[in-house]
Amino acid sequence: MNLVSGLSEQLRHSRPVEVLERSLEKNRLAHAILLHSDSLKALSEVALAIAKSLLSLSSQTKDHPDLFALRPTGRGRQIKIEDTRTLIRSIHHSPNKADRKVAIIYEADRMNTAAANAFLKTLEEPPPDTTVLLLSTRPYSLLATIRSRCFNFRLPINSDSLDDSRWLIWLNDYVRWLERLVLNPRKGSEVALVVVILYGLV
């Protein structure tokens, strides 16, 4: 299956995707790949396209028995050791249906310390016929030892677009309000407030 066929136009012609596609064609894809970008949506899109290609699927990958996903959970939105161990056990089994297995770790930078250390051992001794895709918008929050054991690809995608008209209207009103405050501050405390609000907006 062609990797780029299921991707958006913006992703299709990016250099990292071209490299990944050539690696897939030559059957030389690394066992662990760190995909990072400003956009989780773009990362998910590329990861699922890779999974479909590796598992030889033409439709949804959601319920495929050889595709495993790990996501942050709980109030703190962390990837915990218990969930990480479950994933590690799963990918050490033989494939159920395809010739190989694929694991996608969403927001991999949210692994807590115990989870990251447990996963590092898996990267050092990877299970056969398995590709692990780590997705992150904050790759330098990952352990350096994890990053060094993955092939790193940065997708040159801007943050998810703001296409909700209500959000854009609110943003324009907010900017105009800030401009009025900046132009006509009445006292020192208002100037300080404007600086804090501007920082928050940025």
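Treat the numbers as computed from the prediction; the structure is a model and nothing was measured. For reference, positions follow the sequence shown, starting with 1.
Taking NZ of Lys97 as the start and CG of Leu55 as the end, the distance is 10.0 Å to the nearest 0.5 Å. Atoms CG and CD1, on Leu35 and Ile104 in that order, are 9.0 Å from each other to the nearest 0.5 Å. Interatomic distance, Glu45 CD to Leu40 CG, rounded to the nearest 0.5 Å: 12.5 Å. A distance of 9.5 Å separates CE in Met111 from CG in Asp109, rounded to the nearest 0.5 Å.
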Just do the side-chain contact (heavy atoms from CB on, under 4.5 Å) check on Ile105 and Phe119 with the steps written out, would you?
CA-CA 11 Å; Ile105 303 178; Phe119 186 69; 3.5 Å; yes

Could you go step by step and tell me if Arg28 and Arg22 meet the side-chain contact (heavy atoms from CB on, under 4.5 Å) rule?
CA-CA 8 Å; Arg28 291 182 178 175; Arg22 284 201 299 272; over 6 Å; no

Verify side-chain contact (heavy atoms from CB on, under 4.5 Å) between Ile33 and Phe153, making sure each step is shown before the conclusion.
CA-CA 7 Å; Ile33 297 170; Phe153 290 93; 3.6 Å; yes

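In this structure, Ile91 is not a member of the same hydrophobic cluster as Leu29, with clusters built from ILVMFWY side-chain heavy atoms closer than 4.5 Å. Under the 4.5 Å side-chain heavy-atom criterion for Ile, Leu, Val, Met, Phe, Trp and Tyr, Leu67 and Leu54 are members of the same hydrophobic cluster. Leu20 and Leu48 fall within the same hydrophobic cluster, defined by Ile, Leu, Val, Met, Phe, Trp and Tyr side-chain heavy atoms under 4.5 Å apart, directly or through other members. Taking hydrophobic clusters as Ile, Leu, Val, Met, Phe, Trp and Tyr residues chained together by side-chain heavy-atom distances below 4.5 Å, Leu43 shares a cluster with Leu24.
Between Arg154 and Ser37, the closest heavy-atom pair is NH1-CA, 3.6 Å. Residues Ala42 and Ser39 come closest through the heavy atom pair N-OG, 3.0 Å. Residues Ala98 and Pro95 come closest through the heavy atom pair O-CB, 3.2 Å.
Within the 3.5 Å criterion, the main-chain N or O of His64 finds no donor-acceptor partner in the side chain of Asp66.
Heavy-atom contacts from other residues, nucleotides or ligands closer than 6.0 Å to CZ of Phe151 number 12 or fewer. Remark: Asn96 CG is packed, more than 12 non-hydrogen atoms of other residues, nucleotides or ligands lying under 6.0 Å away.
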Please tabulate, for side-chain N and O atoms in residues 142-149, each donor-acceptor pair with protein atoms closer than 3.5 Å (sequence neighbours left out).
unit_1 : atom_1 : unit_2 : atom_2 : d
Arg147 : NH1    : Leu142 : O      : 2.9
Ser148 : OG     : Ala144 : O      : 3.4
Ser148 : OG     : Thr145 : O      : 3.0
Arg149 : NH1    : Thr145 : O      : 3.1

Which side-chain N or O atoms in residues 122-134 pair as donor and acceptor under 3.5 Å with protein atoms at least two apart or in another chain?
unit_1 : atom_1 : unit_2 : atom_2 : d
Thr130 : OG1    : Lys101 : NZ     : 3.0
Thr130 : OG1    : Pro128 : O      : 3.0
Thr131 : OG1    : Arg100 : NH2    : 2.9

Report, one line per pair, each donor and acceptor closer than 3.5 Å where one atom sits in a side chain of residues 71-85; sequence neighbours left out.
unit_1 : atom_1 : unit_2 : atom_2 : d
Arg77  : NH2    : Glu107 : OE1    : 3.4
Arg77  : NH2    : Glu107 : OE2    : 2.5
Thr84  : OG1    : Lys80  : O      : 2.9

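Here the side chains of Leu135 and Val46 are not in contact, with every heavy-atom distance at 4.5 Å or above.
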